Structure formats: structure tokens, C-alpha cells
S.K.: 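Quick one: the structure is below, questions incoming.
Keep in mind the model is a prediction, meaning the values are calculated, not measured. Just so it is clear, the values below take in all heavy atoms, side chains as well, and ignore hydrogens, waters and symmetry mates.
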Amino acid sequence: MLVLCEGQRQNMEVDQMQRQYLDYTKSLFLEKGFLDGQFLQLQQLQDENNPDFVVEVVSLFFEDSERLLNDLTFALEQKGIDFKKVDAHVHQLKGSSSSIGAQRVKNCCIAFRNFCEEQNIDACLSCLQQVKQEYCHVKNKLETLIRLEQQIVAAGGSIPVMEFSF
């Protein structure tokens with residue numbers, strides 16, 4: 001009969017959470033295309049001196065994105081649409097998405113900007129819905145990733161570093 005000490009059981013649980021974290025992170029890059037290499041670079045900037053760096057950057061991304069999506073919605077509801085203003089908001093959202101590696105949001109913004117240039121209101125409205133949807137997806141995925149990180153740390157483990165090239 002195998003008897004595990006409390007410490008051994010905890011180590012096994014941490015190992016399992018770390019594997020789950022790595023598998024989940026890998027899926028966000030490889031299978032789903034939600035994130036790109038920029039997110040890995042953000043993770044590499046986090047260290048003991050700044051353990052909440054990624055959470056802080058991601059939280060700022062959420063705040064900025066939600067403000068910009070509200071601004072875009074308002075701008076596209078106006079009678080005389082100011083496409084330069086809409087494009088400026090989309091440009092900001094694209095930059096914000098790029099900075100954290102939110103690849104699918106960034107890609108939607110690229111198409112959105114093209115439709116702003118053409119002043120195609122129907123296509124802009126369609127892109128707005130698509131950007132909102134992709135933002136919600138990546139927000140949910142990043143919140144799950146952050147929760148996994150917090151569980152690992154709470155259990156006494158360290159966050160495993162993802163290493164692969166694009």
C-alpha cells in the first residue's frame with residue numbers, strides 16, 4: 001500500500017495544475033489562435049520583483065478595450081458617422097490588442113480599419129460585432145489562464161514558462 005505524505009500529495013496536485021496550465025496555454029496559441037508570441041514576451045517580463053505584471057497589463061487591456069468598444073458603438077450609432085474618429089478608436093484597439101498578443105482581436109481590427117477607409121457602414125457594424133465577440137472570447141480565455149496561475153501560486157507552486165517558437 002502506497003501512503004503519500006501531505007507534502008507529496010500537494011506536489012502532485014501542483015504538478016497536475018502546472019501541466020493543465022501549460023496545456024491550456026498551448027491551446028490558446030496553437031489550436032485556437034487567440035494569442036501570439038507577444039503574450040509570451042509579456043510573461044517573460046514578469047519576475048519576483050513584479051509578480052503581478054501580466055495580470056496588471058491584461059487588466060489594463062480589458063479596461064481600455066471595453067472603453068474603446070463603447071466608444072465605437074456610440075460613434076457608429078450617430079447620424080453622420082465620423083469615420084476618422086471610428087478609425088482612430090479601431091487603431092487604438094488594434095494597438096492595445098497587439099501589445100498583449102490578442103491575435104484574433106487584432107486581425108478583426110485590421111479588416112475593420114479597411115472598411116472605415118471605404119466608409120462602409122454595414123461592414124463596419126458587422127466588424128464591430130465580430131470584434132466584440134473576439135474580445136469576449138479572449139477575455140474569457142485570459143481570465144481562465146489567470147485563475148489557473150493564481151491556483152498554482154496558492155498551492156505553493158511556480159508558474160511554468162511556456163517556450164516554443166512561432
S.K.: Could you walk me through whether F115 and D122 pass the side chain to side chain contact (heavy atoms under 4.5 Å, CB included) check?
M.R.: CA-CA 9 Å; F115 292 125; D122 291 332; over 6 Å; no
S.K.: Could you go step by step and tell me if I152 and Q18 meet the side chain to side chain contact (heavy atoms under 4.5 Å, CB included) rule?
M.R.: CA-CA 7 Å; I152 291 168; Q18 288 171 328; 4.1 Å; yes
S.K.: How about NE2 on H137, more than 12 heavy atoms from neighbouring residues, nucleotides or ligands closer than 6.0 Å, or not?
M.R.: yes
S.K.: Find the distance between CD (Q20) and CD (E13) and round it off to the nearest 0.5 Å.
M.R.: 12.0 Å
S.K.: V153, V14: one ILVMFWY side-chain cluster at the under-4.5 Å cut-off?
M.R.: yes
S.K.: If I take atom CG from residue L69 and atom OG1 from residue T73, how far apart are they, to the nearest 0.5 angstrom?
M.R.: 6.5 Å
S.K.: Report yes or no: do S27 and K141 form a side-chain donor-acceptor pair below 3.5 Å?
M.R.: no
S.K.: In terms of hydrophobic clusters joined by side-chain contacts under 4.5 Å, are F74 and I81 together?
M.R.: no
S.K.: I would like to know whether N50 and D47 meet side chain to side chain contact (heavy atoms under 4.5 Å, CB included); could you show each step before the answer?
M.R.: CA-CA 5 Å; N50 199 355; D47 58 20; 3.9 Å; yes
S.K.: Is L93 close to D64 at the side-chain level, that is, under 4.5 Å between some pair of heavy atoms?
M.R.: no
S.K.: Checking side-chain polar atoms at under 3.5 Å, does Y135 have a donor or acceptor matched by the opposite partner on E66?
M.R.: yes
S.K.: Where do F53 and Q46 come nearest, in terms of heavy atoms and distance?
M.R.: N-OE1, 3.4 Å
S.K.: Rounded to the nearest 0.5 Å, how far does CD1 of I146 lie from CD of Q151?
M.R.: 12.5 Å
S.K.: Between C124 and L76, is any pair of side-chain heavy atoms under 4.5 Å apart?
M.R.: yes
S.K.: Output yes when a side-chain donor or acceptor of N120 lies under 3.5 Å from a complementary backbone atom of A123, and no otherwise.
M.R.: yes
S.K.: Just wondering, do H89 and K94 contact through their side chains at under 4.5 Å, heavy atoms?
M.R.: no
S.K.: Looking at side-chain heavy atoms only, is the closest gap between F39 and L145 below 4.5 Å?
M.R.: yes
S.K.: Taking atom CD of E56 and atom CG of L42, what is their separation to the nearest 0.5 Å?
M.R.: 12.0 Å
S.K.: Q92 versus D71: any side-chain heavy-atom pair under 4.5 Å?
M.R.: no
S.K.: Identify every side-chain donor-acceptor pair in residues 99-107 under 3.5 Å, counting partners at least two apart or on other chains, and give the distances.
M.R.:
residue : atom : partner : partner atom : Å
S99     : OG   : S96     : O            : 2.7
Q103    : NE2  : G33     : O            : 3.2
R104    : NE   : E134    : OE1          : 2.8
R104    : NH1  : K32     : O            : 2.8
R104    : NH2  : E134    : OE1          : 3.1
R104    : NH2  : E134    : OE2          : 3.4
N107    : ND2  : Q103    : O            : 3.4

S.K.: Taking atom NZ as the centre, does K85 end up with more than 12 heavy-atom neighbours from other residues, nucleotides or ligands that are less than 6.0 angstrom away?
M.R.: no
S.K.: Flag yes if L45 and L60 sit in one hydrophobic cluster, no otherwise; membership is Ile, Leu, Val, Met, Phe, Trp, Tyr, and two members link when side-chain heavy atoms are under 4.5 Å apart.
M.R.: no
S.K.: When you group the ILVMFWY residues by side-chain heavy-atom contacts below 4.5 Å and let the links chain together, are I110 and L128 in the same group?
M.R.: no
S.K.: Take R19 and D23, measure what salt bridge (Lys or Arg N to Asp or Glu O under 4.0 Å) needs, and give me the verdict at the end.
M.R.: CA-CA 6 Å; R19 277 193 302 279; D23 290 345; over 6 Å; no
S.K.: Tell me whether I159 is reachable from Y24 by hopping between hydrophobic residues (I, L, V, M, F, W, Y) whose side-chain heavy atoms are closer than 4.5 Å.
M.R.: yes
S.K.: Given side chain to side chain contact (heavy atoms under 4.5 Å, CB included), test Q38 with Q43 step by step and report yes or no.
M.R.: CA-CA 9 Å; Q38 185 63 34; Q43 288 180 313; over 6 Å; no
S.K.: Is any side-chain heavy atom of F112 closer than 4.5 Å to a side-chain heavy atom of D87?
M.R.: no
S.K.: Between L35 and T25, is any pair of side-chain heavy atoms under 4.5 Å apart?
M.R.: no
S.K.: Within this structure, what is the CD-CZ distance for the pair E118 and F83, rounded to the nearest 0.5 Å?
M.R.: 10.5 Å
S.K.: So, for V86 and A75, which heavy atoms are closest and what is the spacing to 0.1 Å?
M.R.: CG2-CB, 3.7 Å
S.K.: Nearest 0.5 Å, what's the CD-OG distance between E48 and S158?
M.R.: 10.0 Å
